[in-house]
2 protein chains.
Amino acid sequence: MNKAEEDYVKMIYEMAVLTGEPYVKTADLAEQFGYSVQSVNEMIKKLHQKELVDFRPYKGVCLTEGGRREALRMIRAHRLWEVFLSERLGLAWEALHEEAEMLEHATSEAVLERLYDYLGRPAVCNHGNPIPDAEGNIARPASRPLYETHAGDCFRILRVQDYKPLLAYLSQRNIKLHDVLTVHDKDHFGGILTVEHLGLKHAFAKHIAQMVYGEVLSSTRLKK
Amino acid sequence: MNKAEEDYVKMIYEMAVLTGEPYVKTADLAEQFGYSVQSVNEMIKKLHQKELVDFRPYKGVCLTEGGRREALRMIRAHRLWEVFLSERLGLAWEALHEEAEMLEHATSEAVLERLYDYLGRPAVCNHGNPIPDAEGNIARPASRPLYETHAGDCFRILRVQDYKPLLAYLSQRNIKLHDVLTVHDKDHFGGILTVEHLGLKHAFAKHIAQMVYGEVLSSTRLKK
DNA sequence: CCTGTAATTAAGGTATGCCTTAAAACTAGA
DNA sequence: TCTAGTTTTAAGGCATACCTTAATTACAGG
């Protein structure tokens with residue numbers, strides 16, 4: 001697999017996890033990559049020939065067992081490098097993703113396994129996402145999206161999507177992993193969630209609040 | 001610069017150092033890469049447009065100041081990764097080069113500088129080659145080629161070319177950096193140098209003995 | 001100086017991975 | 001069922017970085 005193919009299987013895996021649907025639509029892939037639908041179709045055809053994906057016209061693509069293994073290898077490399085870059089080199093939180101994105105394509109299995117041991121066999125990356133083991137097993141995090149909280153909830157951030165604009169967004173507001181937010185208000189119609197963090201109020205759009213996961217610590221709201 | 005361009009400027013730099021000539025011939029580059037001369041010419045034209053090299057027809061290419069800086073950046077990345085892979089991950093000596101070759105193209109300046117500090121600002125890589133500093137200054141090693149020794153010399157290996165077949169060759173014979181060789185015989189006509197190492201005799205062809213550098217510790221031979 | 005060899009340039013080709021435009025095939029809602 | 005809109009396929013293009021074959025240009029030794 002070359003870089004392009006690696007990016008595709010990884011993206012297909014991540015989008016499938018995010019939507020909960022094993023099949024990912026061609027058009028959605030195109031949108032995520034910023035590529036044309038035609039380009040994505042061509043690549044899907046190629047990945048299918050390599051038996052990395054199963055393609056059902058008008059339904060989408062789904063990773064084969066081989067494709068899933070490759071995707072998890074990339075994710076493993078990505079998250080292990082993030083841990084290294086953060087824990088050992090002290091790189092800024094919002095810079096981790098981009099750097100790991102480059103390194104993940106330049107890492108052999110041998111280096112990966114040694115890096116894993118060197119870092120103390122970490123279970124999660126610096127964005128709280130689980131690191132698959134060498135066999136392709138990955139923990140399913142129990143945390144819930146911030147968007148599913150209610151006014152009055154105290155919410156501890158345990159995990160955020162590894163998505164550059166989101167990291168920049170949170171970083172800019174000085175919001176970090178394990179920080180606690182107090183949900184002030186949830187506007188269901190507008191989709192805006194207002195939270196308090198270190199005395200400051202922040203308005204999170206729905207798509208933002210859906211990429212932040214954690215646990216509700218306590219709630220002042222009345223249970224129904 | 002993309003990977004191909006990075007490989008070219010690095011190769012031009014290394015060949016210039018090796019030959020002592022600032023200008024590197026198109027045909028020699030082609031041979032080293034295993035590419036056709038035409039392909040090399042095309043890339044030289046491109047590098048010239050980017051002002052990374054100076055091209056004198058029938059003479060060769062020479063790095064510009066910008067090109068030299070880029071080449072040293074790649075060499076810096078390569079050698080720092082080698083130190084990391086060896087010192088921290090415990091990778092085998094002969095595996096370092098290949099792994100570093102991939103990582104060097106995936107490393108930003110920011111990561112490089114932090115890695116440098118993390119590794120304790122090393123002066124040389126695990127093959128004994130000097131690591132350039134962030135400003136592009138590089139030490140000129142004083143060691144002499146093994147091929148210039150004479151029968152009876154005791155020779156300590158301080159540096160070897162970072163060239164995969166050579167590393168495999170030495171590794172296979174269990175010869176490592178800082179080991180001491182006793183020169184048994186030098187056949188000037190045939191170019192074979194016979195050395196003793198840990199009680200075993202090895203015959204080194206000229207081109208091999210020219211890629212191994214070190215210092216003569218003592219000599220049993222009579223000075224002229 | 002002149003000719004053979006080496007180096008360069010030219011012309012056309014391949015694979016990869018992206019693009020646009022257009023036609024064809026399918027799905028799903030009215 | 002039938003059509004509107006989505007999805008797929010087809011056809012042709014572009015850039016990169018390699019390739020081969022062939023023509024041209026320059027250098028250097030006799």
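We name chains A, B, ... by the order of the sequence lines, and we start the count at 1 in each one.
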What is the distance from [atom1] of [X] to [atom2] of [N], rounded to the nearest Å?
X	N	atom1	atom2	value
A:Tyr35	D:dT7	OH	P	20 Å
B:Arg56	D:dC27	CZ	C1'	16 Å
B:Leu47	D:dT16	CG	P	12 Å
B:Lys59	D:dA28	NZ	P	12 Å
B:Lys50	D:dA15	NZ	C1'	12 Å
B:Asp7	D:dT16	CG	P	17 Å
A:Glu42	D:dG13	CD	C1'	11 Å
B:Asp28	C:dA6	CG	C1'	12 Å

Scan [X] against the nucleic acid and name what it touches under 4.0 Å (heavy atoms): base, sugar-phosphate only, or nothing.
X	result
B:Ser36	base
A:Tyr8	sugar-phosphate
A:Gly34	sugar-phosphate
A:Tyr58	base
B:Phe55	sugar-phosphate
A:Ser39	base

> Less than 6.0 Å separating the ring centroids of A:Phe84 and B:Phe84?
Replying inline: yes
Open item on the list: Aromatic contact between B:His97 and B:His127, with the criterion being ring centroids under 6.0 Å apart: yes or no?
Closed with: no
Taking for B:Gln38 and for A:Asn41 the nucleotide of DNA chain D with the nearest heavy atom, the one nearer the 5' end belongs to A:Asn41
For B:Lys164, the side chain to side chain donor-acceptor pair (under 3.5 Å) test, sequence neighbours excluded, returns none
Quick note, B:Ala27 side chain, CB onward, closest among C:dT16, D:dT8, C:dA7 is C:dA7
Just wondering, do A:Leu18 and A:Gln161 contact through their side chains at under 4.5 Å, heavy atoms?
yes
Anything under 30° is parallel, anything over 60° is perpendicular, the rest tilted; go ahead and classify A:Tyr118 against B:Tyr118. perpendicular
